[in-house]
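Encoded as structure tokens, the structure appears first; notes follow it.
In listed order, ligands and their atoms are each counted from 1. Computation of the quantities below employed the complete heavy-atom set of this structure, encompassing side-chain atoms and omitting hydrogens, waters and symmetry-equivalent molecules.
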Amino acid sequence: MRADIVILAAGQGSRMKSSLPKVLHRIAGKPMLEHVIISAQHTQKKVGEGKIHVVIGHGAEQVKTALGHYDLNWVVQEEQLGTGHAVQQALPGCQGADVVLVLYGDVPLIHSSSLQSLLAASNGERLGLLTINLANPSGYGRIIRDGFGSIQAIVEDKDATPEQLAVNEVNTGIMAIPGSQADRWINSLKNDNAQQEFYLTDIVSMAVVEETPVIHVQPQIPIEVEGVNSRVQLMELERARQRQLANNLMINGVTVIDPERLDIRGDIKTGRDITLDINVVLEGDVELADNVCIEPGCIIRNSVIGEGVLIKANSIVENAHIGAGCEVGPFARLRPGTELQERARVGNFVEIKKTVVGKGSKVNHLSYIGDSELGDGVNIGAGTITCNYDGVNKFRTVIGDGAFIGSNSSLVAPVTVGSGATVGAGSTITKSVTDDQLAIARARQRNIEGWVRPTKK
Ligand code: UD1
Ligand code: CA
């Protein structure tokens with residue numbers, strides 16, 4: 001079945017009070033519209049094929065740029081004349097589709113399984129509506145049924161009679177239109193209503209007149225069809241989505257200490273027996289292998305964390321690769337291009353950037369290591385700094401296997417310290433040290449006998 005999907009995203013979203021188009025506001029780290037696109041793609045894969053058309057208007061260029069990497073047919077709706085008019089703009093691209101499924105860019109949590117049910121029930125032959133019953137239906141289009149319970153029409157809130165306003169079943173806006181009828185129905189919509197808009201919902205009564213069956217399906221959970229009009233609603237959906245993501249992790253063998261204090265803003269792959277303590281933020285593409293433990297207050301972004309790694313409290317890890325059995329933190333900062341090989345240790349107040357730290361090597365206290373290559377079994381003393389930048393260019397520091405760098409040393413790059421070499425504490429190393437040498441580069445100590453302290457005049 002070819003199911004073309006039209007995502008409506010042209011509206012302004014003025015209640016967001018934002019210069020960012022509404023559909024680009026993020027939920028779980030991704031623009032709302034991207035969630036809808038992912039769900040649409042997934043649905044198409046399940047039912048067969050189809051194109052995705054996105055109707056944009058307000059902030060069109062910004063939206064296109066933000067999601068330009070998806071294979072989408074962008075359709076610009078110059079003036080927002082109603083949902084029917086919006087879908088009409090996409091129809092030329094839908095020629096040959098068995099069904100046209102309409103989604104909203106600001107209804108981000110719609111789940112593919114609900115869409116698949118709707119498509120299965122309508123099957124390109126019936127007009128399918130996704131509806132929901134609400135205790136407070138105000139603002140929504142009401143589903144009007146006849147005495148036999150058959151759907152007769154959708155009446156918008158602003159056009160409804162008091163009797164119709166009392167109906168609790170509402171239109172979520174999501175509908176599956178038979179491809180063979182879509183053009184004819186939508187091209188004959190009129191705007192003679194309270195809002196003078198071309199209502200997509202008016203095709204329901206057209207279908208009824210033509211005796212095309214109109215069916216309904218309900219979503220698995222109500223949150224799926226909730227729209228975002230304000231930042232308060234954005235936050236509510238964010239928390240709901242976070243809860244779903246945390247539940248998925250727990251179902252897959254991750255201990256989450258408090259799902260209310262975990263935030264996932266990207267795509268996370270996890271092994272088993274992982275523990276995520278409170279106030280952890282996982283962003284972008286993050287992979288956590290078995291037995292990883294992340295202590296409170298850590299941010300992990302676009303990184304791969306190997307088996308059994310312990311990341312202690314308040315550490316920040318970005319674009320890094322951490323090998324099995326490493327320990328990091330507390331208060332460590334691993335910046336992009338950090339690779340820790342197995343069992344390496346990085347301790348408190350250490351910053352590492354574009355550096356490979358070899359197996360079992362230790363950088364335990366108060367150091368900055370940048371643009372460097374550390375062999376295996378290296379020991380970097382407290383307060384060691386690689387001086388990698390002369391104000392214009394960056395230079396590399398290379399340290400061989402088993403080297404020992406004494407505390408409070410400065411390694412002025414480009415510089416090499418050979419395997420097994422030792423650098424005395426407090427040295428400023430400007431010349432390379434070969435294997436097994438001891439380098440000391442600090443002022444000699446003088447002890448002065450009989451020194452008399454100054455006294456107050
Ligand atoms: C619409 C439905 C209503 C339903 C409600 C669910 C119609 C006529 N009404 O009403 O039955 O209960 O959604 O939320 O369809 N949009 C465009 N271009 C336009 C108009 C709208 O892209 O010209 C987009 C908006 O950006 C938004 C979506 O379509 O994402 C819905 O538009 P909105 O104006 O919010 O529709 P409602 O009046 O809420
Ligand atoms: Ca709306």
Is [X] near ligand 1, meaning one of its heavy atoms is under 4.0 Å from it?
X	value
Thr201	yes
Gly82	yes
Gln77	yes

Which pair of non-hydrogen atoms, one from Ser315 and one from Val328, has the smallest distance, and what is that distance?
OG-O, 4.2 Å

Closest heavy-atom pair, Ile143 versus Val167, reported as atoms and distance to 0.1 Å, is O-CG1, 3.4 Å

With heavy atoms of [X] as the reference, note each atom of ligand 1 found under 4.0 Å away.
X	answer
Leu81	23 (O)
Ala10	17 (C), 18 (N), 22 (O), 26 (O)
Leu8	22 (O), 24 (C), 29 (O), 30 (O)
Thr172	6 (C)
Tyr199	8 (C)
Ala9	22 (O)

N/O of [X] under 3.5 Å from N/O of ligand 1, yes or no?
X	answer
Ile154	no
Tyr140	no
Glu156	yes
Glu79	no
Asn171	yes
Gly141	yes
Gly139	no
Gln195	no

Does Asn229 approach ligand 1 within less than 4.0 angstrom via side chain, backbone, both or neither, non-hydrogen atoms only?
neither

Are [X] and [Y] close enough that a side-chain donor and a side-chain acceptor fall under 3.5 Å?
X	Y	result
Gln80	His58	yes
Gln242	Arg239	no
Asp159	Gln195	no
Thr212	Gln181	no
Thr43	Ser112	yes
Ser205	Gln152	no

Option nearest atom 25 (C) of ligand 1 (shortest heavy-atom distance, choices Gly11, Gly13, Gly84)
Gly11

The salt bridge (Lys or Arg N to Asp or Glu O under 4.0 Å) partner of Glu318 among Arg301, Lys354, Arg333 is Arg301

Could you check whether [X] pairs with [Y] (Lys NZ or Arg NE/NH1/NH2 to Asp/Glu carboxylate O, under 4.0 Å)?
X	Y	answer
Lys158	Glu197	no
Glu283	Arg265	yes
Arg2	Asp4	yes

